[in-house]
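In what follows, a structure is listed as structure tokens, so that the remarks can point back to it.
Sequential numbering from 1 along the given sequence is applied to the chain's residues. When a ligand or atom number is given, it counts from 1 through the structure's own listing order.
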Amino acid sequence: MKICVIGLGYIGLPTAAMFARSGLDVLGVDCNETIVHELNQGRTLIEEDGLAEWIPGVVASGKLRASTTPEEADAFIITVPTPLDVEKKADLSFVESAARSIAPLLRPGNIVVLESTSPAGTVEERLKPLLEQSGLSAGTDFSLGYSPERVIPGNILRELVTNDRIAGGIDGASAKKIAALYRAFVQGSIYETDVRTAELCKLAENTYRDVNIAFANELAKISEDQGVDVWEVIRLCNRHPRVNIHQPGPGVGGHCIAVDPWFIVEKNPEDSQLIRLSREINDRMPLYAADLASGILSAIEHPAEEEHPVGATYPKGVGRPVVAVLGIAYKPNVDDTRESPILTLIEELERRGMDVRWHDPHVRNRPGNAPDVLEATEGADLLILGVNHTEFRQLDYRSVARSMRHRNLLDARGSVDAEAARSAGFLVYALGRGHRLR
Ligand SMILES: NC(=O)c1ccc[n+]([C@@H]2O[C@H](COP(=O)([O-])OP(=O)(O)OC[C@H]3O[C@@H](n4cnc5c(N)ncnc54)[C@H](O)[C@@H]3O)[C@@H](O)[C@H]2O)c1
């Protein structure tokens, strides 16, 4: 069996490699020539645990090749981007161009699966008509459907195998064929359903998480006002057997949770008020974190004795405040900065006149990355933990403290070892933890 995977990004490349490892012949297609060239040399540009070790083997075995153009195959899997446009609607142009490139190659008996996250109805309304320009009929001549991916970046290769999966078909036979296709490597259950249900499931899963995070973010603000620690509140609430409150933070990033809810709002604006409001609450969190930072810095300029531990002294006026931010990826231990709220936070701090330096050990090829933590914190008035990468768990607070002009730390993730930081002389603040700094 030959499979053509269109789009070799975070989802497409691991999926293509997984099919190839299962013994199928896979052609990976990407319009980006560098990705294609690198893959054919056995290299990947994506940071994903285990992938760089796998790729040389599957490429050398001849089971995985890459090209900029698709070829005839038994199955086509579309894993191209579906970003938001300026009106916060799904930009389906990549899906449509992938469909146009497949249509002339379609043969009776083929299977076409969309994996890209898309508004409900995309397969029937946008993909099917383009594919049927081949002269073949979906459902009659070829199978067509939607099978969303639920993997978590950083653990994709394991979750591709173990996660349960949904196989949505435009008819029952298509759903069966799609389920059988993924059986090549999926060990979790595969649930067959209709295509529109599968599309909405993917959106509903991520929207559930976005709404839950918005609730946690509101709780964080409420906790600050009540003088309690939201992280402790949530930890204790989650001891209830039927409660699962997510974590608050400086915003929601990535191109899934921060994007997918809009695909529901786009189709049903009147009926999705909670969903829209949650998105807006989460989108405002980087500004909230910037307010906390401003509050801490203005405490340096105008020290209020009651807010500081005995013995803390600050010069009045620090000139242009310098802020060091650790982590800019959208979540821990990945290199992906798409929709990262920390980038919005940095922009906002700069807009407020602060000099911002940052360091992220995972992010390559982005100008401005300080070579290490101490280079970022040198002369800083405030250190912000933006992303709780594993590397930041065991910071050498004494060295960091020595490098800084003022020892202030804002923990935006509730994960700093506050005792260690305090004993190195830091004043430690945390989003959601018992201060009203704004
Ligand atoms: N990354 C995730 O964690 C994740 C999880 C679940 C679902 N998804 C969804 O999967 C889809 C793909 O996401 P991703 O993170 O892999 O994107 P990505 O940007 O990492 O990769 C997409 C690739 O498709 C290529 N491409 C675009 N148009 C093309 C075309 N017409 N022909 C060939 N190649 C083309 C791009 O060059 C790019 O390399 C999106 O809809 C996303 O929402 C992503």
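Below 4.0 Å from some heavy atom of F94 lie the following atoms of ligand 1, by number and element: 27 (C), 28 (N), 31 (N). The I35 neighbourhood of ligand 1 comprises atoms 39 (O), with distances under 4.0 Å to a heavy atom of that residue. Within ligand 1, the atoms closer than 4.0 Å to a non-hydrogen atom of I11 are 1 (N), 2 (C), 4 (C), 5 (C), 8 (N), 10 (O), 16 (O), 44 (C), numbered from 1 in the order shown. Annotation for ligand 1: atoms under 4.0 Å from non-hydrogen atoms of P81 are 19 (O), 22 (C), 24 (O), 27 (C). Residue C31 has at least one heavy-atom neighbour below 4.0 Å for each of these atoms of ligand 1: 26 (N), 27 (C), 28 (N), 29 (C), 33 (C), 34 (N), 35 (C), 37 (O). Against a heavy-atom cut-off of under 4.0 Å, G9 is close to the following atoms of ligand 1: 16 (O), 18 (P), 20 (O), 21 (O), 23 (C).
Checking only distances, S97 does come within under 3.5 Å of ligand 1, N or O to N or O. Inclusion of D260 in the set of residues having an N or O under 3.5 Å from an N or O of ligand 1 is not warranted. Considering backbone and side-chain atoms together, N32 places no N or O closer than 3.5 Å to any N or O of ligand 1. Not a single N or O atom of R150, backbone or side chain, sits closer than 3.5 Å to an N or O atom of ligand 1. Considering backbone and side-chain atoms alike, E115 places every N or O at 3.5 Å or more from each N or O of ligand 1. At under 3.5 Å, a nitrogen or oxygen of T117, whether backbone or side chain, sits near a nitrogen or oxygen of ligand 1.
If you look at I6 next to ligand 1, the close heavy atoms, those under 4.0 Å, all belong to the side chain. Contacts between C256 and ligand 1 below 4.0 angstrom, taking non-hydrogen atoms only, involve the side chain exclusively. Counting heavy atoms under 4.0 Å from ligand 1, residue P153 touches it through the side chain alone. Contact annotation for V259 and ligand 1: no heavy atom of the residue comes within less than 4.0 Å of the ligand. No part of E205 comes within 4.0 Å of ligand 1, judged by heavy-atom distances.
Closest to atom 38 (C) of ligand 1, if we only count protein heavy atoms, is D30 OD2, 3.4 Å. Considering only non-hydrogen protein atoms, atom 11 (C) of ligand 1 sits nearest to V80 O, 3.3 Å. Looking only at protein heavy atoms, the nearest one to atom 24 (O) of ligand 1 is G7 CA, 3.3 Å. Nearest to atom 17 (O) of ligand 1 among the protein's heavy atoms is R338 NH1, 3.7 Å. The single protein non-hydrogen atom nearest to atom 1 (N) of ligand 1 is H255 NE2, 3.1 Å, given as residue, atom name and distance. Closest to atom 41 (O) of ligand 1 among all protein heavy atoms lies T82 OG1, 2.6 Å.
Atom NZ of K331 has more than 12 neighbouring heavy atoms from other residues, nucleotides or ligands inside a 6.0 Å radius. Under a cut-off of 6.0 angstrom, the local environment of CZ in F215 is sparse, with at most 12 non-hydrogen atoms contributed by other residues, nucleotides or ligands.
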Stepwise side chain to side chain donor-acceptor pair (under 3.5 Å) test for R165 and S147: CA-CA 7 Å; R165 197 169 186 116; S147 185; 2.9 Å; yes
Walk me through it: do T390 and N333 pass the test side chain to side chain donor-acceptor pair (under 3.5 Å)? CA-CA 7 Å; T390 306; N333 303 327; 2.9 Å; yes
What's the verdict on salt bridge (Lys or Arg N to Asp or Glu O under 4.0 Å) for E71 and K2, showing C-alpha distance, side-chain angles and the deciding distance? CA-CA 10 Å; E71 294 171 4; K2 180 172 169 185; 2.7 Å; yes
Before giving the answer on side chain to side chain donor-acceptor pair (under 3.5 Å), spell out for N282 and D210 the whole-Å C-alpha distance, their side-chain angles and the decisive distance to 0.1 Å. CA-CA 8 Å; N282 290 337; D210 199 45; 2.8 Å; yes
Steps toward ring pair (Phe, Tyr, Trp, His ring centres under 6.0 Å) verdict (F19, Y182): CA-CA 8 Å; F19 274 117; Y182 284 98; 5.8 Å; yes
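How far CG of D74 is from CE of M1: 5.0 Å, rounded to the nearest 0.5 Å.
Relative ring orientation between H389 and H362 is described as tilted, the plane-to-plane angle lying within the 30° to 60° band.
In this structure, K221 is positioned above the aromatic face of Y288, its NZ or CZ under 6.0 Å from the six-membered ring centre and within 45° of the axis.
Side-chain atoms of E159 come within 3.5 Å of backbone atoms of I152 as a donor-acceptor pair (strictly under, hydrogens ignored). Side chain of Y191 to main chain of D164: no donor-acceptor pair is present (N/O by atom type, distance under 3.5 Å, no hydrogens or angles).
Applying side chain to side chain contact (heavy atoms under 4.5 Å, CB included) to I384 and the options V356, D411, L349, L292 leaves one that passes, L349.
The pair E224-R433 does not meet the salt-bridge criterion, since no charged nitrogen lies less than 4.0 angstrom from a carboxylate oxygen.
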